[in-house]
Engineer: 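I have a structure I would like to understand better, so I am pasting it below and will then ask my questions one at a time.
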Amino acid sequence: MITIRRISLREIHLPLVEPFTISSGTQDTRRITLVEVADAAGVVGWGECVASEYPNYMPETIDTAWMAIEAWIAPRVLGRTISGPSDVFPLLEADIKGHLMAKAAVEMSVWELAARKQGLSLARLLGGTRDRIEVGRSIGIQTSVDALIERVQAALDEGYRRIKLKIKPGADVVFVKAVHDAFGAAAPLMVDANSAYTLSDAAVFREMDDLGLMMFEQPLAWDDMVRHSELQKQLQTPICLDESITGIERAEDMVKLSAGRIINIKPARVGGFARAVAIHDFCREHSIPVWCGGMLESGVGRAHNVALASLPGFTIPGDTSPSRRYWQRDIVRPEWEMDGKGTIRVPVDTPGMGVEIDIDRVEDLTVRTKDMRV
Ligand code: OSB
Ligand code: MG
């Protein structure tokens, strides 16, 4: 039994080591809301809201999420006695539509608390079986082909197991073909369009279809399953859905409509760990490979992603790169490190998420706080 007595929000501003450009915009500093929950016994759990500053990835933003947590989500959870973290999402589902990233930030914090309370690693509490996970690198849109090739070379040299190239209309076929030619068919390459295309652009994907890419991630609109199905029919390369998968029903729709063959699971995008694990289980039953995506998380959200990626169905390297790919200095200790073989160790011997908050660093970066208690 868990009774949540306190939910604290802290917004931090964390500068990226380099700007990150996707089809719909560029970020150079992450605005992140950290969530800390505490139960009646004083056990705490940490989480992170990954929503972007601007609604260019999904409709939520870091500001709508703050508002949703403060106004609707925290009041539902505070003072409630629940039998475990799986009870949180159902509590939040009734009559609060959407706001999945806001819900996830609280739900995932309660999972972290539950893991600490049980003296278990978060990875094992979620059902993770791996001790190391394989890591990929997501490379933002570059201003020139040469710059992109340089980035890919550096990433391969560092040991990354999968390279994702962000694309947008005007920076797609030429860039991707050049990288393919430079590194050969064996390079583990994929592209991510972040919903920048329509079905009338199908020729763009047909032109890249014989390059042997691992997948085309989210070519079409974030809420469009039917047209992804139309597009998949025209292609050999598997479509991977990211934005379109907001819950188990959408995963079922994808299979039913053959709208894609791979899923990028971001726990925050689907409303938290309970739903992420349910999607993972469904995909395993249906032989759909999954991998763990990223949202440029701090060391806290990264801990959550690493734990999830240790589940057995995560057979493709995730966007779970080490701390230094994002930050001069992370907000956790130890920082997340990748070895030369492109793997990250899952902290299975420590209760909870396996890293500690660098509270001095967090306080230096904090721009607003909100404490809610019962
Ligand atoms: O589509 O996966 C995406 C970052 C921001 C918004 C959307 C996406 C991404 C990434 C980053 O690809 C991956 C990472 O965290 O390294
Ligand atoms: Mg994506």
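All figures in this text were calculated on a predicted structure; none of them were measured in a lab. Whatever order the structure lists them in is the order used to number ligands and atoms, beginning at 1.
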Engineer: Below 4.0 Å, non-hydrogen atoms only: which portion of Thr320 touches ligand 1? Side chain, backbone, both or neither.
Structural biologist: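 For Thr320, no heavy atom sits under 4.0 Å from ligand 1.
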Engineer: Under the 3.5 angstrom rule, does the side chain of Ser121 hit a backbone N or O of Gly352 as a donor-acceptor pair?
Structural biologist: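 Checking the backbone N and O of Gly352 against the side chain of Ser121, no donor-acceptor pair under 3.5 Å is found.
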Engineer: Taking distance alone, with no angle check, do Tyr326 and ligand 1 share an N/O pair under 3.5 Å?
Structural biologist: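 Yes, since at least one N or O of Tyr326 sits under 3.5 Å from an N or O of ligand 1.
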Engineer: What is the nearest protein non-hydrogen atom to atom 5 (C) of ligand 1, stated with its residue, atom name and distance?
Structural biologist: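 For this ligand atom, the closest protein heavy atom is Met295 SD, 4.1 Å.
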Engineer: What I want to know is whether Ile22 and ligand 1 share at least one N or O pair that is separated by under 3.5 angstrom.
Structural biologist: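 No - when backbone and side-chain N and O of Ile22 are compared with those of ligand 1, no distance drops under 3.5 Å.
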Engineer: Salt bridge or not for Glu11 and Arg31, using N-O below 4.0 Å?
Structural biologist: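 The answer is yes: the pair qualifies as a salt bridge.
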Engineer: If every non-hydrogen atom of Gly299 is compared with every non-hydrogen atom of Ile331, which pair is closest and at what distance?
Structural biologist: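 That closest heavy-atom pairing would be N-CG1, 4.3 Å.
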Engineer: How far does CD1 of Ile2 sit from CD1 of Ile82, to the nearest 0.5 angstrom?
Structural biologist: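 It comes to 5.0 Å.
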Engineer: Would you mind checking which non-hydrogen protein atom is closest to atom 15 (O) of ligand 1, with the distance to 0.1 Å?
Structural biologist: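 Going by distance alone, atom 15 (O) of ligand 1 is nearest to Leu296 N, 2.9 Å.
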Engineer: So how far is it from Arg124 CZ to Leu311 CG, rounded to the nearest 0.5 Å?
Structural biologist: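 It comes to 9.5 Å.
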Engineer: Among all protein heavy atoms, pick the one closest to atom 1 (O) of ligand 1 and tell me residue, atom and distance.
Structural biologist: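 Here the nearest protein heavy atom works out to Asn194 ND2, 2.7 Å.
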Engineer: Is there any N or O on Lys164 that sits under 3.5 Å from an N or O of ligand 1?
Structural biologist: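 Min N/O separation from ligand 1 is below 3.5 Å for Lys164.
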Engineer: Quick test of your reading: applying salt bridge (charged side-chain N to carboxylate O under 4.0 Å, His left out), list the pairs with at least one residue in residues 251-262, sequence neighbours left out, ordered by first then second residue.
Structural biologist: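 Salt bridge (charged side-chain N to carboxylate O under 4.0 Å, His left out) check on residues 251-262 returns Arg250-Asp253.
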Engineer: What residue and heavy atom of the protein are closest to atom 11 (C) of ligand 1, and at what distance?
Structural biologist: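 Sorting protein heavy atoms by distance from atom 11 (C) of ligand 1 puts Gly294 O, 3.6 Å first.
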Engineer: Sort by chain and number the protein N/O/S atoms that are closer than 2.8 Å to the Mg ion (ligand 2), and list them.
Structural biologist: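 Those protein N, O or S atoms (cut-off: under 2.8 Å from the Mg ion (ligand 2)) are Asp192 OD2, Glu217 OE2, Asp242 OD2.
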Engineer: Test of understanding: given a 4.0 Å heavy-atom threshold, classify the contact between Lys266 and ligand 1 as side chain, backbone, both, or neither.
Structural biologist: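 Side chain only.
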Engineer: State, with a plain yes or no, whether a side-chain heavy atom of Val173 is found less than 4.5 Å away from one of Met208.
Structural biologist: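 Yes. Closest side-chain heavy atoms under 4.5 Å.
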